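Here's the structure we're looking at; comments come further down.
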Amino acid sequence: METSLQPGAQWPAVSPATFATTAAHPPLTKAQKLLPLGVLLFDWLFWQENRGVNVFLFGLFVVVAQLVLLPRVAAVRRSGYFWLAVAGSLFSGAMVAVYGSGVAMLAWAASLLMLLGYVNQPHLKLVLYAVLTAANSAAQAWLRVLRGVRAPRQSGAGVRRGWFYGRLLVVPVVILGAFHLLFAVANPVYDRLSGRALALLGNWLARLIPDISLGHLLFVALGFVLVAGALVAVPVYAFADHESRFGEFVRRQRDRVASFGVRRPDFRWKTVKALDLRKEFYAAAAVFGLVNVLLLAVNAIDINWLWFGFEPAPGFDLAQFVHEGTYVLIFSILLAMGIVLWFFRRNLNFYQPGLRWLRSGATVWVLQNAVLAVSVGLRNYYYILHSGVAYKRIGVCFFLLLVFFGLGTVLLKIWQRRSAYSLVRLNALAVYAVLLMLAAGNWEVWIAEYNLQPRFRSIDIGFLLNMPDRVLPTLQARRALLNHTAQLTMDSEYGTGQVITAEDAQRRLDYALHNAKAEYAAYTHWQGLNYADWQARQTMR
């Protein structure tokens, strides 16, 4: 609403001090006015709660708040990356509400950071820069809010002075808390003594304010910091400015020569001649030619040995075969991608006399690395087939998906003169897509169902019992299998594997079931409940 003056009227007098205070501490925005609601919602959803429906609801609050507070003409509304982050936030939050898995929680946090980063700088494209922009903004937002909060106008000088010193002490107290956590982790004696002191302080606060504990106050303070970071955007230009220097395609460089016809001439005396394109072409051709021959021999051996009718011999250490071979081959693939990026980084993309041959050799090398990746996948498949599924085996499968996608983008760089920035941008989106795919899986239950099969002679029951409680109904339904398995193993306190009896395994399973039932019975709130835990609770009744 605009304010107009009557003819002959004057603007109200404003003192210089008032003007300076208003300029330094502008009035709160709509987003800042939502802070109390956000902090109350955070406290209600997460105080002494598990992760579940509360994660989805809080993420929905952040998304709706951003969509409501953004102007209709905001540039970010036309950004596909922003809408991808919105969809990813809602999807990953829903997966937390369904499974409550750690990877779904990671995807949810990454999605919200991306969302806030793109709101902060609408022209950003790199996923990593969006996350860093949001983190940088969130680290400053709570201070910006505190600077904007002022004492009531009608209060006396003593109240205003106390308000000033109270705000002044906020930053030292936060820094003191950070150092306290570091010292508590590093020094167990300090941790024990400081814990006693904080317990005494908490008891004193409990007598002073019976309904509020010290831990609850600290949790509310954490909620204020997180909600301020989610609602209040502090402009961060560093990453957007850095990204603006990069382009999608490699451009031919014609500067840094001794000529006035270029933008940046270089007339310095050169005692060493620069490596011209012809010599660089010879080096690249030699690398691609020799390594192609070597990689052809390796792929021929793998195809003959692994691809058709592979059966491990008795006593063959399949775990060592998979671990050592997989890591070495993955490093070889990444090194090959790095070499291609190095040779095709500049003007060699425009060397017409040998460009066709260079592209052909590099393409053959990339395709041979794809064959090598297939061999890595087969090693992983044989391990799963004979020894069961583990987290790393699933991770290798999804990592190979990223490798195939990355090799495809390397081909784009070779034939379309794509820049390294373009490849990083595309592969970062692929990593985010894989993270969302991992968030959509109930991996622990699927691992337990696969590993508890009669065909396996050895079952790592300790690994299965250390999984979340939602796996226990699967173990309970197949507990008879434990009595007929040739070998049951679990990790000892020193991290080495040990064999246990079927009776010991059954006793450990009964103990885990008893604890899970007691925990489910004691937990009566709905905020931290997810569908998988609710289903497990119904099954174990």
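Keep in mind it's a predicted model, so treat the numbers as computed, not measured. Positions are given from 1, in the same order as the sequence printed here.
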Whether the side chain of [X] engages the backbone of [Y] through a donor-acceptor N/O pair (distance < 3.5 Å, no angle test) should be reported.
X	Y	result
Asn466	Gly462	yes
Arg478	Glu449	yes
Ser422	Arg418	no
Tyr382	Gly377	no
Arg470	Tyr99	yes
Asn427	Leu423	yes
Gln140	Gly229	no
Gln121	Val236	yes
Ser244	Asp241	yes
Asn380	Arg393	yes

Within 6.0 Å of [atom1] in [X], more than 12 heavy atoms from elsewhere:
X	atom1	result
Trp342	CH2	no
Tyr381	OH	no
Arg455	CZ	yes
Phe246	CZ	yes

Minimum-distance pair of heavy atoms, taken over all atoms of [X] and [Y]:
X	Y	value
Leu465	Ala512	CD2-CB, 4.4 Å
Val96	Asn530	O-CB, 3.6 Å
Asp533	Tyr520	OD1-OH, 3.3 Å
Gln453	Leu481	N-CD2, 3.6 Å
Leu472	Ala516	CD1-CB, 3.5 Å
Pro473	Thr539	CB-CG2, 3.8 Å

I'd like to check [X] versus [Y] (side-chain heavy atoms, cut-off strictly below 4.5 Å). Are they in contact?
X	Y	value
Phe405	Leu426	yes
Leu69	Leu34	yes
Trp534	Trp526	no
Val445	Asn442	yes
Val55	Phe46	yes
Asn50	Leu529	no
Tyr432	Ser111	yes
Thr485	Leu488	yes

Calculate, to the nearest 0.5 Å, the distance between atoms [atom1] and [atom2] belonging to [X] and [Y] respectively.
X	Y	atom1	atom2	result
Asp43	Gln48	CG	CD	9.5 Å
Arg457	His386	CZ	NE2	12.5 Å
Arg417	Leu412	CZ	CG	14.0 Å
Met95	Leu90	CE	CG	11.0 Å
Phe58	Asn54	CZ	CG	10.5 Å
His242	Tyr129	NE2	OH	4.5 Å

Fill in the blank from the handout: Applying salt bridge (charged side-chain N to carboxylate O under 4.0 Å, His left out) to Arg51 and not counting sequence neighbours gives none
Practice task
Show your working on side chain to side chain contact (heavy atoms under 4.5 Å, CB included) between Val127 and Arg425 and close with a plain yes or no.
Solution key: CA-CA 7 Å; Val127 170; Arg425 180 181 63 82; over 6 Å; no
Exercise for the section: Check the pair Asp460, Asn451 against side chain to side chain contact (heavy atoms under 4.5 Å, CB included), reporting the backbone distance first and the verdict last. Expected result: CA-CA 9 Å; Asp460 190 353; Asn451 289 357; over 6 Å; no
Practice task
Would you check, one step at a time, whether the test side chain to side chain contact (heavy atoms under 4.5 Å, CB included) holds for Tyr118 with Thr133?
Solution key: CA-CA 8 Å; Tyr118 290 127; Thr133 297; over 6 Å; no
Exercise for the section: Taking the six-membered ring for Trp and the single ring otherwise, decide whether the centroids of Phe463 and Tyr391 are under 6.0 Å apart. Expected result: yes
Handout entry: Derivation of the side chain to side chain contact (heavy atoms under 4.5 Å, CB included) call for Phe219 and Phe224
Key = CA-CA 9 Å; Phe219 186 79; Phe224 167 74; over 6 Å; no
Problem - Presence of salt bridge, Glu243 and Lys125, under 4.0 angstrom - result: no
Practice task
Find out whether the Lys NZ or Arg CZ of Arg77 is both under 6.0 angstrom from the six-membered ring centre of Phe82 and within 45° of the ring's axis.
Solution key: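 The answer is no; the distance or angle limit is not met.
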Practice task
Might you work through the side chain to side chain donor-acceptor pair (under 3.5 Å) test for Gln506 and Arg479, ending with a clear yes or no?
Solution key: CA-CA 7 Å; Gln506 296 285 0; Arg479 65 184 308 164; 2.8 Å; yes
Problem - ring pair (Phe, Tyr, Trp, His ring centres under 6.0 Å) evaluation trace for Trp443 with Phe398 - result: CA-CA 13 Å; Trp443 300 108; Phe398 282 94; 5.7 Å; yes
